[in-house]
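The block underneath contains the structure these notes are about, expressed in structure tokens.
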Amino acid sequence: MAVKVAAAFIFMLFFLSTACQAKLSSTFYHKSCPNAESAIRTAIRTAIARERRMAASLIRLHFHDCFVQGCDASILLDETSSIESEKTAGANRNSARGYEVIDKAKSEVEKICPGVVSCADIIAVAARDASAYVGGPSWAVKLGRRDSTTASPALAITELPAFSDDLGRLISRFQQKGLTARDMVALSGSHTLGQAQCFTFRDRIHGDNNIDAGFASTRKRRCPLAGSNSTLAPLDLVTPNSFDNNYFKNLMQKKGLLQSDQELFSGGSTDSIVSEYSRNPAKFSSDFASAMIKMGDISPLTGSAGQIRRICSAVN
């Protein structure tokens, strides 16, 4: 009996140790690399000071990473004989960007703490610092993720939201990741900083009736029915370089550039959330920060799973 009790006690200690080891924490690097976040912040601020658009790109990079295999930096892996890269798949091809900024941040962290801080954590911290730098909210980033040794372009195609998705499909995609409709609307608010390529909104401005006529006319000038596929347009015409709630005001005026954006305010279940955020920027900021923290919790690799890559674009 005593042997069984002792065995059970040892098992419980192992279980608790494993659970604690696997838990993400904002203090994860406080002893092993206390200056990690400062080094990352400097690299991110430098990059955004050079190109304001990079703020939106880094937030989006974190989103596109977490929605495919979880927040594991799989999006950063280059193509090799044994790895199919996510960089050229679906919504990432000629669209996802900021890889070199993460590489720079990683190189700076490696100088002070080699082999300690994961690329997955650097992406998460970069998204937070990008938001804060352009006037958006900040939050305590939970850390302790490890990096994947695999990537999945197939999942990048099937799991990431598409610009043509309707509201039901969008809600379903986010629910599959443990995120609510409110989380989805809040996260979409970061589009106030983003830009889109002509081919992603051509059908909307040329053939959708649920759009402001003047807004459509303005966008048609640089996005004709044929050609100019990669021509960029800001998702927010009013304040494209600031993190604010104008995105939601635009939606209420039928000035959402992407079909998937306007779906959030088209007589459906998320109309009230859009309306709330348009009136209450503080509530939007608070919900955005909370949703980013929740998104950062999607299926992280922890403990002994995965690895800490020395170079973010390749496995060790």
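Side-chain contact check for S230 and N94: no donor-acceptor pair (N or O, by modelled atom type) lies under 3.5 Å. Donor-acceptor pairing under 3.5 Å is lacking for the side chains of T150 and S148. If you check the side chains of N35 and S38, you find no donor sitting under 3.5 Å from an acceptor. D72 and Q69 are linked by a side-chain donor-acceptor pair at a separation below 3.5 angstrom, with hydrogens and angles left out of the test. Of the N and O atoms on the side chains of R279 and S275, at least one donor lies less than 3.5 Å from an acceptor on the other residue. The closest side-chain donor-acceptor pair between R60 and S95 falls under 3.5 angstrom.
Ion pairing between a basic and an acidic side chain is recognised when a charged N comes within 4.0 Å of a carboxylate O; K177 and E159 show such pairing. For R173 and D165, the salt-bridge test passes: some basic side-chain N is under 4.0 Å from an acidic carboxylate O. Remark: R182 engages E276 in a salt bridge, criterion side-chain N to carboxylate O under 4.0 Å. Between E110 and R309, none of the side-chain N atoms (NZ, or NE/NH1/NH2) sits under 4.0 Å from a carboxylate O, so this pair counts as no salt bridge. No salt bridge links R45 with D129; every basic N to acidic carboxylate O contact stays at or beyond 4.0 Å. Taking 4.0 Å as the cut-off between side-chain N and carboxylate O, K142 and D297 count as a salt-bridged pair. Using a 4.0 Å cut-off between charged nitrogen and carboxylate oxygen, R93 and E86 do not count as a salt-bridge pair.
A side chain to side chain contact (heavy atoms under 4.5 Å, CB included) with L264 is found for exactly one of I171, L167, D271, namely L167. Residue L24 forms a side chain to side chain contact (heavy atoms under 4.5 Å, CB included) with just one option from D121, L143, T302, and that option is T302.
Without hydrogens or angle criteria, Q262 side chain to L251 main chain gives a donor-acceptor distance under 3.5 Å. For the pair N316 (side chain) and R310 (backbone), a donor-acceptor distance under 3.5 Å is present. A donor-acceptor pair is defined here as one N or O able to donate and one able to accept, closer than 3.5 Å; no such pair exists between the side chain of Q197 and the backbone of T231. Put simply, the side chain of R204 never gets that close to the backbone of I211: no donor and acceptor are under 3.5 Å apart. Distance alone, capped at 3.5 Å, is enough to place a donor-acceptor pair between the R202 side chain and the L225 backbone. Side-chain atoms of D147 come within 3.5 Å of backbone atoms of A120 as a donor-acceptor pair (strictly under, hydrogens ignored). Formation of a donor-acceptor pair under 3.5 Å by the T218 side chain with backbone atoms of G214 is found in this model. Counting only distance, with no hydrogens or angles, the side chain of S188 and the backbone of M184 share a donor-acceptor pair below 3.5 Å. Side-chain atoms of S118 come within 3.5 Å of backbone N or O of R145 as a donor-acceptor pair. Side chain of T180 to main chain of D183: a donor-acceptor pair is present (N/O by atom type, distance under 3.5 Å, no hydrogens or angles).
Annotation: I311, atom CD1; neighbour count of heavy atoms from other residues, nucleotides and ligands within 6.0 Å does not exceed 12. Crowding of K104 atom NZ: a count of heavy atoms from other residues, nucleotides or ligands under 6.0 Å not exceeding 12. Residue R169 places its CZ atom among more than 12 non-hydrogen atoms of other residues, nucleotides or ligands, all under 6.0 Å distant. Applying the 6.0 Å contact sphere to CD of Q195 captures more than 12 heavy atoms from other residues, nucleotides or ligands.
Side-chain atoms of V117 and C33, non-hydrogen and from C-beta on, do get closer than 4.5 Å to each other. Residues N245 and F248 have side chains in contact (heavy-atom distance under 4.5 Å, counting atoms from C-beta outward). Between T270 and L170 the shortest side-chain heavy-atom distance does not fall below 4.5 Å. By the 4.5 Å heavy-atom criterion applied to side chains, R97 and R53 are counted as neighbours. In this structure the side chain of L61 reaches within 4.5 angstrom of the side chain of I75, judged on heavy atoms. In this structure, R41 and R128 have side chains that are in contact, with non-hydrogen atoms separated by less than 4.5 Å. Side-chain contact between R52 and N241: present, with at least one pair of heavy atoms (C-beta onward) separated by less than 4.5 Å. Counting heavy atoms from C-beta outward, N250 and F215 have side chains that stay 4.5 Å or more apart.
Criterion: ILVMFWY side-chain heavy atoms under 4.5 Å apart, direct or through other members. Under it, W139 and L58 are part of a common hydrophobic cluster. A continuous path of hydrophobic side-chain contacts links V125 to V116 [ILVMFWY only; heavy atoms under 4.5 Å].
Of the inter-residue distances, the one linking S313 atom OG with I102 atom CD1 reads 12.5 Å to the nearest 0.5 angstrom. Distance check, rounded to the nearest 0.5 Å: CG of D212 to CZ of R219 gives 11.5 Å. The SG atom of C66 sits 8.0 Å away from the CD1 atom of I123 when rounded to the nearest 0.5 Å.
With ring centers used as reference points, Y133 lies 6.0 Å or more from F243.
The nearest pair of heavy atoms linking S26 to E37 is O-OE2, 4.1 Å. The two residues F288 and S131 have their closest heavy-atom pair at CE2-OG, 4.1 Å.
The stretch residues 232-250 participates, sequence neighbours left out, in no salt bridge (Lys or Arg N to Asp or Glu O under 4.0 Å) pair at all.
Note on ring orientation: taking the six-membered ring where Trp is involved, the planes of F199 and F163 are perpendicular (angle over 60°, cut-offs 30° and 60°). Ring geometry, Y277 versus F284: the interplanar angle falls from 30° to 60°, so the pair is classed tilted.
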